[in-house]
Amino acid sequence: MSKKTVTIKAFRFNAETDYLPYYKKYEMEVGKDELILDLLNRIKWEHDGSFSYRRSCRHGICGACGIKVNGKATLSCKQNAMELVELFGDELVFEPQSQKRAVKDMIIDKGDFWEKHAAVKPFVEADVEPHPTSETKMSKEQVENFLDADYCIQCGACHYACPALEVNSDYLGPAAFAAAYRFTVDPRDDAGRERLEITSELGTGVWDCVKCFECAEACPKDVNPIEKITKLHNMQFEQGVAKRNVATKHAEGFVRSIKKFGYLDEQDIVLYSEGLGVVKHLSEAFKMIKAGKVHPFDIAKKKMPRSKNLDEIQKLIEISQKNEL
Amino acid sequence: MSQLKYALYTGCTARESTPELLSSTLAVAKKLGIKIVLLDEASCCGASHLQDFDEFLSLVLNARNICYAEKLDLPMITICNTCQLNTVMTKERLDNDPEMKAKVNEKLAEVGLEYKGTSSVRHFLYALIDDYGLENISEKVEVPLSHFNIAPFYGCHNLRPSHIHYKHNNPLSDEEVGEGGGESSIQEVELMEKYTHESPYAPTSLDNLIEALEGNSVDYESKNKCCGFHVDLQAPETSNALSGTALLDAIDNDADLMVTPCPLCQLNMDLKQDSAGKQLGRDIELPVLHMPQMIALALGCSKEEIGLKFNVTKATDLM
């Protein structure tokens, strides 16, 4: 009973000859120790030699064999096939990481990934003595600060799982941000401020993260890109890089509300963050008033709920707040 | 079954723009005989935005909220996915980082509080399923939802990251709560074990709840996707594209209504249908209910308690 019959529905497309992609089914007996990469190999070796995919190290290091299985970002050489059969049933759907970038079957044009990766200066920038007399030493804490981000193998799993990137092609994306963080906190590096500026731009930078945690879920190396994104956000304020705009005011505005009420003042946060831009929310405001969700006179009368023991909250903000805008 | 009792962390939205969420939650609890104590001392969780501005401050404020559940010696429940995640991420951090816990407690001591880590924190959805039981909810159904195709929209922060869900949204025995096995030890948990309670790629809880209320759950691809709420101010086009795509996916799969356990998803999907539709070039009209509103409908709660008049996309016809 260690084998199971599985149907693999594979995305097929050749950009040079096909007008549209299609799916082809392959049936095979799958053993308990087989990897997704083994199944990719078997489609090619046993069924159709023209089936195309990337593979190289087979050790979870090169990052070449990333695909999606039933929508789940998967590093083929690291993922046991039976585990996914258990999760998704007897039909596994193999698709490239990004269908709109498909070149041939599982192979995609990863150009945008590398372009964005390069945009954050993913290397240590430092003036190094050509003939140093001593080595650069790092403390254990300094290394641990970026160790997990350093495990990134550039497989693209997080990048192509990111929904923000899917709808905003300018967005740099989670892999680039994890790399930006990794080199910015490296004590040998001098380009940190520049990287923080690059990643603070609206439209391309960290403020366009939708906070869905798809990147954390997709990463086969536990890099946890969204955690690094949060750290970049904080570093922008700590190092005075953050400019006043709708996104930074939105983040900082939470303190303003919580200080006054304990709760977030939902109307004030929009007014405060947007400034004059608030006019674009008028039609929504009218809809909310019409449904009785907000009352037009609330804004004037400030009929806001207040947390009990509000003085405690105010005191804690006073003694704990570290960052300013 | 002994009486269930929870400390309810309402979050801001339920006290402000979605009053229907609070009234229907309390109505459901009353119908099911669940005792609820409101955590009126609690503050905003920071909704992931305060975390971007000042992470330490957000840890202190969230720890304070948990302190009040601990003082009551009650498990905490939440009715917002984002409150849930921000609260348990604080809990996870403090339970596994003694140095940070000490720093936070140093601040809390100034107002006479101490974070211990003795209360569990779960979303109401999972408390209902794991503690009360779907079969017991089924028995209480007075108005079966059998004439509705209902699209479940799970909301990111209940599903991902899965190791956080696995550890905190799961029913745990008392001795496991607060002990903290360390985040690293959880990440090493086998994939399938991590996904046993809820898989972020094929979630089932909300579907099962819909079926328990005799509704027809709609299977559609966008059920576990992001609604875009968190960038609505700085990137409205991203937000509209994500919410609109999910709404249209539900509509194209014959949904009569959508239901979600997260009021932030609910607000974004309910309020922005016109602008999302305009951007995507199609009309969008689909009532979006809070999870407790749907349960309250099936349990025969009153019109006032269900509060459908507060839904922006007309939902009053559902009654």
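In the text below, chain A, chain B and the rest are named by the order of the sequence lines, each starting its count at 1. Worth saying up front: this structure is predicted, and the values here are computed from it rather than measured.
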Basic-acidic side-chain contact under 4.0 Å: [X], [Y]:
{"X": "B:D249", "Y": "B:K225", "result": "no"}
{"X": "B:K272", "Y": "B:D232", "result": "yes"}
{"X": "B:K314", "Y": "B:E285", "result": "no"}
{"X": "A:K4", "Y": "A:D90", "result": "yes"}
{"X": "A:K228", "Y": "A:D148", "result": "yes"}

Chain B interface, residue from [options] that has the most non-hydrogen pairs under 4.5 Å:
{"options": "A:A247, A:C215, A:S257", "value": "A:A247"}
{"options": "A:I258, A:N168, A:I313", "value": "A:I313"}
{"options": "A:M288, A:H250, A:E238", "value": "A:H250"}
{"options": "A:T230, A:L316, A:I317", "value": "A:L316"}
{"options": "A:K315, A:H281, A:E252", "value": "A:E252"}
{"options": "A:V255, A:T248, A:L87", "value": "A:L87"}

Does any backbone or side-chain atom of [X] lie under 4.5 Å from a heavy atom of chain A? Answer side chain, backbone, both or neither.
{"X": "B:V231", "answer": "side chain"}
{"X": "B:L271", "answer": "both"}
{"X": "B:T245", "answer": "neither"}
{"X": "B:L233", "answer": "both"}
{"X": "B:L108", "answer": "both"}
{"X": "B:T238", "answer": "both"}
{"X": "B:F229", "answer": "neither"}
{"X": "B:R15", "answer": "both"}
{"X": "B:E20", "answer": "side chain"}
{"X": "B:T82", "answer": "neither"}
{"X": "B:F56", "answer": "side chain"}
{"X": "B:P200", "answer": "side chain"}

Contact origin within [X] toward chain B - heavy atom pairs under 4.5 Å:
{"X": "A:V167", "answer": "side chain"}
{"X": "A:E324", "answer": "backbone"}
{"X": "A:E217", "answer": "both"}
{"X": "A:S273", "answer": "side chain"}
{"X": "A:P305", "answer": "side chain"}
{"X": "A:L84", "answer": "side chain"}
{"X": "A:D208", "answer": "both"}

Practice problem: Measure centre to centre between the rings of A:F213 and B:H157, then say whether the value is under 6.0 Å. | Solution: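 Ring-ring flag for A:F213/B:H157: true, centres closer than 6.0 Å.
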
Practice problem: Look only at the side chain of B:Q266 and the backbone of B:V288, and say whether a donor-acceptor pair between them is shorter than 3.5 Å. | Solution: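 Between the backbone of B:V288 and the side chain of B:Q266 there is a qualifying donor-acceptor contact (under 3.5 Å).
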
Quiz prompt | Donor on one side chain, acceptor on other, A:N234 and B:Q51, under 3.5 Å | solution =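 Per modelled atom types, A:N234 and B:Q51 side chains form no pair under 3.5 Å.
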
Quiz prompt | Between A:N145 and A:E141, a side-chain donor and acceptor under 3.5 Å | solution = no

Out of [options], return the one with the most heavy atom pairs under 4.5 angstrom to chain A.
{"options": "B:S17, B:C226, B:A235, B:C156", "value": "B:S17"}
{"options": "B:E221, B:E55, B:E106", "value": "B:E55"}
{"options": "B:G46, B:G112, B:P19", "value": "B:G46"}
{"options": "B:V104, B:L61, B:N311", "value": "B:L61"}

Exercise. Begin with the C-alpha distance, continue with both residues' side-chain angles, and end with the deciding distance and a verdict on side chain to side chain contact (heavy atoms under 4.5 Å, CB included) for A:C162 and A:Y171.
Key: CA-CA 10 Å; A:C162 172; A:Y171 183 58; 3.6 Å; yes

Exercise. Test side chain to side chain contact (heavy atoms under 4.5 Å, CB included) on A:M235 and A:V185 and set out the steps.
Key: CA-CA 10 Å; A:M235 285 158 68; A:V185 299; 3.8 Å; yes

Quiz prompt | Full working for side chain to side chain contact (heavy atoms under 4.5 Å, CB included) between B:C44 and A:F254 | solution = CA-CA 8 Å; B:C44 173; A:F254 271 71; 3.8 Å; yes

Self-check item: B:K194 to B:Y166 six-membered ring, cation-pi geometry met (6.0 Å, 45°)
Solution: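 No, cation not above the ring by the 6.0 Å, 45° rule.
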
Practice problem: Answer yes or no on whether B:K223 is positioned over the face of B:Y154, meaning its NZ or CZ is under 6.0 Å from the six-membered ring centre and within 45° of the axis. | Solution: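 Relative to the ring axis of B:Y154, which defines the angle, B:K223 lies outside at least one limit.
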
Self-check item: Passing option when A:V85 is tested against A:N80, A:L92, A:V69 for side chain to side chain contact (heavy atoms under 4.5 Å, CB included)
Solution: A:L92

Self-check item: Closest approach of A:C209 to A:I226 (non-hydrogen atoms, all atoms of both residues)
Solution: SG-CD1, 4.2 Å

Practice problem: Dump the intermediate steps for salt bridge (Lys or Arg N to Asp or Glu O under 4.0 Å) on A:K211 and B:D52, then the final yes or no. | Solution: CA-CA 11 Å; A:K211 298 165 187 300; B:D52 287 344; 2.7 Å; yes

